[in-house]
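Some notes on the structure that comes next.
When reading the values below, keep in mind they use all heavy atoms of this one structure, side chains included, and skip hydrogens, waters and symmetry mates. The sequence lines fix the lettering, A, B, ..., with proteins before strands; numbering per chain opens at 1.
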Amino acid sequence: MNIDVEGSINSGQVFLWNKCGDTWHGINGQDVLAVGRSGRVRSYRGIRTDFFRRRDDMGRILESISRDGRVRRAAGRYPGLRILDQDPFQCLISFIISSNSNIQKIRSCLAKMTERMGEKVEFEGRMFSLFPDADRIAGATAGEILGCGVGYRARFVRDAARMVRDGRLDIEGIKKKDYHGAMEAVLSVPGVGSKVADCVLLFSLGKLDAFPLDRWMLRILKRYRGRFMPDTKTITKRQYGLLHEELVDYFGPYAGYAQQFLFKMERDDHQKGWL
DNA sequence: CCAAGGCCTGAATG
DNA sequence: ACATTCAGGCCTT
């Protein structure tokens, strides 16, 4: 089955990708990726990444998550939609910035951060700015980060970077933990609550049972009358955890994929493009 | 453990 | 034009 490159890139997982002609270019941590029509990924550093998670057995995953007509419909509508495997540090900072914000602003903040603080490199005849590493952000002045438009999240961004720089948060080590262990570790970062943590787990740490619950998902889940409770606009951390358990019981170990399909369908049905 | 309020910012709404 | 609201939450009371 072919991967929908554009659809996957524009599904709210990544924010530093741009299309030029037939080719998509994206910043992925200290690397630049290019993806053409063929779907083949080229890397500035020559790394063989599985950015589109081609090794996922979609047949098995689809069978596993198809627990009702709604997911089946969503999955059938976006056969090429994939969860991406992006750089964890960039993902962490991206979703700290995402809180109480929107796609456009997130893109703008991250673009400013990379342009102002990231290393410039040339790749396939073009110039790109890499994502600033933890050292660079940790050592930035308050004004420097604030100037990128992140507002009150500036302190979170800087402190998160310091945790990584000082080794208090070992992102690669977290990959080896299971969902709950990884969740606990990421939750220790300031500015990271359950939703942001689930995004980081799902989009960069390979935890396919992570199921980010934002306002949109809660809205969608309301249609599962009775099965999933919440009638409130916001939920507490405890409610979040309980609901996550129910969702994994229901959708299974690849629940995160169910989330992506449902989320995409909901956004499309409400004409929320991603620019 | 839970509810309520505040928070940077800019685009959208009144 | 100007004020308010709201957006893919989190933290503190």
Span that lies between the C1' atom of C:dC10 and that of B:dA11, in whole angstrom: 22 Å

Cation-pi check, A:R107 onto A:F15 ring (under 6.0 Å, within 45° of axis): no

Residues A:Y254 and A:D56: side-chain donor-acceptor under 3.5 angstrom: no

P atoms of B:dG10 and C:dC11, separation to the nearest Å: 23 Å

Rounded P spacing from C:dT5 to B:dG6 in Å: 12 Å

is_close_aromatic(A:Y257, A:F251), centroid dist under 6.0 Å: no

Distance in angstrom units between A:I235 CD1 and C:dG9 C1', rounded: 11 Å

Pairwise side-chain contact, A:N18 with A:H25, heavy-atom cut-off 4.5 Å (strictly under): no

Between protein and nucleotides 1-5 of chain B, what N or O pairs are separated by less than 3.5 Å?
residue : atom : partner : partner atom : Å
B:dC2   : OP2  : A:T236  : OG1          : 3.4

Rounded distance in Å between the P positions of C:dC6 and B:dG5: 15 Å

Canonical and wobble pairing (Watson-Crick, G-U, under 3.5 Å) of DNA chain B, dot-bracket with |: ..|||||.||||||

Student check: side-chain heavy atoms of A:F156 and A:I93 closer than 4.5 Å: no

Under 4.0 Å protein heavy-atom contact, by nucleotide of nucleotides 9-14 of chain B - B base, S sugar-phosphate only: B-S---

More than 12 heavy atoms from other groups under 6.0 Å of NZ on A:K175: yes

Pairs satisfying side chain to side chain donor-acceptor pair (under 3.5 Å), at least one member in residues 109-138 of chain A, at least two apart: A:R42-A:E124, A:R136-A:E144

Side-chain (A:S66) to main-chain (A:L62) donor-acceptor, under 3.5 angstrom: yes

Pair listing, side chain to side chain donor-acceptor pair (under 3.5 Å) test, anchored in residues 182-203 of chain A, at least two apart: A:Y179-A:D198, A:D198-A:Y240

Whole-Å distance separating the CE atom of A:M217 from the P atom of C:dG9: 13 Å

Worked verdict on A:E6 versus A:K19 for salt bridge (Lys or Arg N to Asp or Glu O under 4.0 Å): CA-CA 9 Å; A:E6 181 154 345; A:K19 194 178 189 179; 2.9 Å; yes

Integer-rounded Å distance: B:dC8 P and A:I106 CD1: 18 Å

Ring-face cation of A:R77 near A:F261 (centre distance under 6.0 Å, axis angle within 45°): no

C:dT4 and B:dC7, which share atom name P, separated by this distance in whole Å: 16 Å

N/O-N/O pairs, protein side and nucleotides 10-13 of chain C side, under 3.5 Å:
residue : atom : partner : partner atom : Å
C:dC10  : OP1  : A:G193  : N            : 2.7
C:dC10  : OP1  : A:G193  : O            : 3.2
C:dC10  : OP1  : A:V196  : N            : 3.1
C:dC11  : OP1  : A:G191  : N            : 2.9

Backbone of A:D31 reached by a side-chain donor or acceptor of A:N28 within 3.5 Å: no

Side-chain heavy-atom pair A:W17, A:L84 within 4.5 angstrom cut-off: no

